[in-house]
Amino acid sequence: MSDISTGIAIELKNISKSYPGVQALKAVNLKVKKGTIHGFLGPNGAGKSTTLKVISGLITADSGEVNLDGSLGFLPDTPPLYQHMSVRNFLEFVYDIESLDQSKTEAFKNKQKAIDDVLIKTGLTEVSDRFIGHLSKGYQQRVGIAEALVHSPNVIILDEPTVGLDPVAINEIRKLISELKKEHTILFSSHLLHEVELLCDEISIISQGEILLTGKIADIKQKFQGVFHTVAVTRTINEAQILELIKMANIDDYKVFQRDHSSELHLYSSTDTREKISDFLVTQKCGLLELRPESVQLEEIFKRMMNQSEVNNG
Amino acid sequence: MASVKSPIRLSRGVWILLKKELADLFFSPLLYVLAALFSFIMGWLFFNYLMQSKTATTQTLTPAVVVPLFGNMNFIFIFLVPLLTMNTFSLEKKNGTLDLLFRSKLSDLEIILGKFVSQVFVVIFLLAFSLIFMLVLSSTNFQEWSLVMTSYLGVLFSIMCYLAVGMFMSSLTDNPIISSVLTFCFLMGLMLLVLSTNAMENQFFAEMIQYLAVPFHYEGFVKGLVRSYSLVYFGSFIGFFLYLTWRSLQRRKW
């Protein structure tokens, strides 16, 4: 693991991996920038976990190169926990096996501080003396994250960290992940698109072992936007006014939805026409309640990419 | 995976894992159930052998009590070892914790040795329960304590071979039950191997098969004979199965 580009925390170059009868990864290239949360998206069986295991060194790729900037902490989809150990004992054990490269004195000197810090960071201080098996699933997931963090790695990989948790625990884990961004680079896999949109700076979409798309969420949305979609909500507007608006503002297509006390206009054009639309609706005294650009959702992009991938792969 | 840099580093890694493994094993009620079972069976056998012995002298106690007692001790461990080793790797695989060990700074050798040595300690703990029989013997005219020492050594070497087999079987599957059944079948097969040589006409072949079976080498120790080739055999047997365990665990990465 060497020769990593500047500003990059994880770099995969042409990683391929096959199992008997299955090509799990097909020349995967991926770059994760330092200090970012990078979302790794894909449907079940797309190759997410395989990629993450290759990065963490748990499985060996058939070909390609993995470069990491510094140490790595990894939380697999099922947190590896010894249920009969107390949280503190478990973290001490993980710290011990992760600090074997340090001198014994140095490791011992930093141990308690490292464990106390990670307990505070993950909100586990109060339950530190309880057996892991007696904790709720949300807390067990926190212990899993604490395990990945205890040796202060530069890079953290989290494989679907919120799967199977209740809504309260999901929110807590998401908050924790956002806080971790301050000190670590995070590669975070999920199939929950709104979660990725909420947490990540950049994303990569993988399907059938291939990276289909990678980049900043905003850039990707812009790329897929193509058509300007504006939504205008008015108190009163008649058919004639709509037709005049369409003509005046060069609207290519439109839809009108009648609500209880308002009309919702969805207007599609090749250029940004929001100013013209607002001027018209104000002049015509249509009772403009709301005017907003409707951006393309990540979910829509994901669906399009999946369809494209299926077509390409026959 | 970190490479082993020095014996000090190796022993530090082994020690960390050994402490954790011993805590696991002594935390489990299984060990105490096995200890109770072992003590009960051995106590019952010892009592019967002692009652059958006409006089309490070294000449009578050695063939009537000590030799059969150690023979049975060795045999009982064919049933106990599969239960002791079944969780070594199977349960860790099942819970995903084996990956935690393998992606840590522990080397493969440290992981295997840490687990093996902890199992040896547990066996010593179980064997310690039989010391009470030696205390009883010491109150008689029994004097052949060197034979007792070599017998304990033979039993320990023999069980270490069983442990190595058990660990290998545990590395093959994530199901502890399958692991224990495989270990038991293999160990029983080794035992039967010695018996089957009695029926063989080809003397050379029979001796060769005998040499490959653990009980043949163990028998020497119970007779008070510490043969160098038996020590080589035990060392090679343990080394070979620990190597197979390593190979089997390496397979996970591919």
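Residue numbers begin at 1 in each chain, while the letters A, B, ... track the order of the sequences. What you see below is based on every heavy atom in this structure, not just the backbone, and it leaves out hydrogens, waters and symmetry mates.
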Whether over 12 other heavy atoms sit under 6.0 Å from [X] [atom1]:
| X | atom1 | value |
| --- | --- | --- |
| A:Lys111 | NZ | yes |
| B:Phe47 | CZ | no |
| A:Tyr19 | OH | yes |
| B:Met149 | CE | no |
| A:Lys121 | NZ | yes |
| A:Lys109 | NZ | no |

Taking only heavy atoms into account, what residues of residues 117-133 of chain B are found under 4.5 Å from chain A?
none

Output the residues of residues 80-98 of chain B for which the shortest heavy-atom distance to chain A is under 4.5 Å, in residue-number order; output 'none' if no such residue exists.
B:Glu92, B:Asn95, B:Gly96, B:Thr97

Any idea which of A:Leu58, A:Asp96, A:Asn89 has the most non-hydrogen atom pairs under 4.5 angstrom with chain B?
A:Leu58

With a 3.5 Å distance limit and no angle check, can you tell me whether B:Arg103 reaches the backbone of A:Lys53 through a side-chain donor-acceptor pair?
no

Please, which pairs that meet side-chain hydrogen bond (donor to acceptor under 3.5 Å, both in side chains) have at least one residue in residues 228-244 of chain B, sequence neighbours excluded?
B:His217-B:Ser230, B:Arg227-B:Tyr229

Over all heavy atoms of both residues, which pair between B:Arg12 and A:Leu100 is shortest? Give the atoms and the distance, please.
NH1-O, 3.6 Å

Heavy atoms of B:Ser104 and A:Ile97 approach each other most closely as CB-CD1, 3.6 Å

Rounded distance [0.5 Å steps], OH in A:Tyr95 versus CD1 in B:Ile16
10.5 Å

Would you please test B:Asp99 and A:Phe74 for side-chain contact (heavy atoms from CB on, under 4.5 Å) and show each step?
CA-CA 10 Å; B:Asp99 286 345; A:Phe74 179 44; over 6 Å; no

Are there residues of residues 79-88 of chain A whose heavy atoms fall under 4.5 Å of chain B's heavy atoms? If so, which?
A:Pro79, A:Pro80, A:Leu81, A:Tyr82, A:His84, A:Met85

Whatever's closer than 4.5 Å to a heavy atom in chain B on A:Ser103 counts as backbone

Examine whether an atom of A:Gln102 lies under 4.5 Å from a heavy atom of chain B, and if so say whether it belongs to the side chain, the backbone or both; otherwise answer neither.
backbone

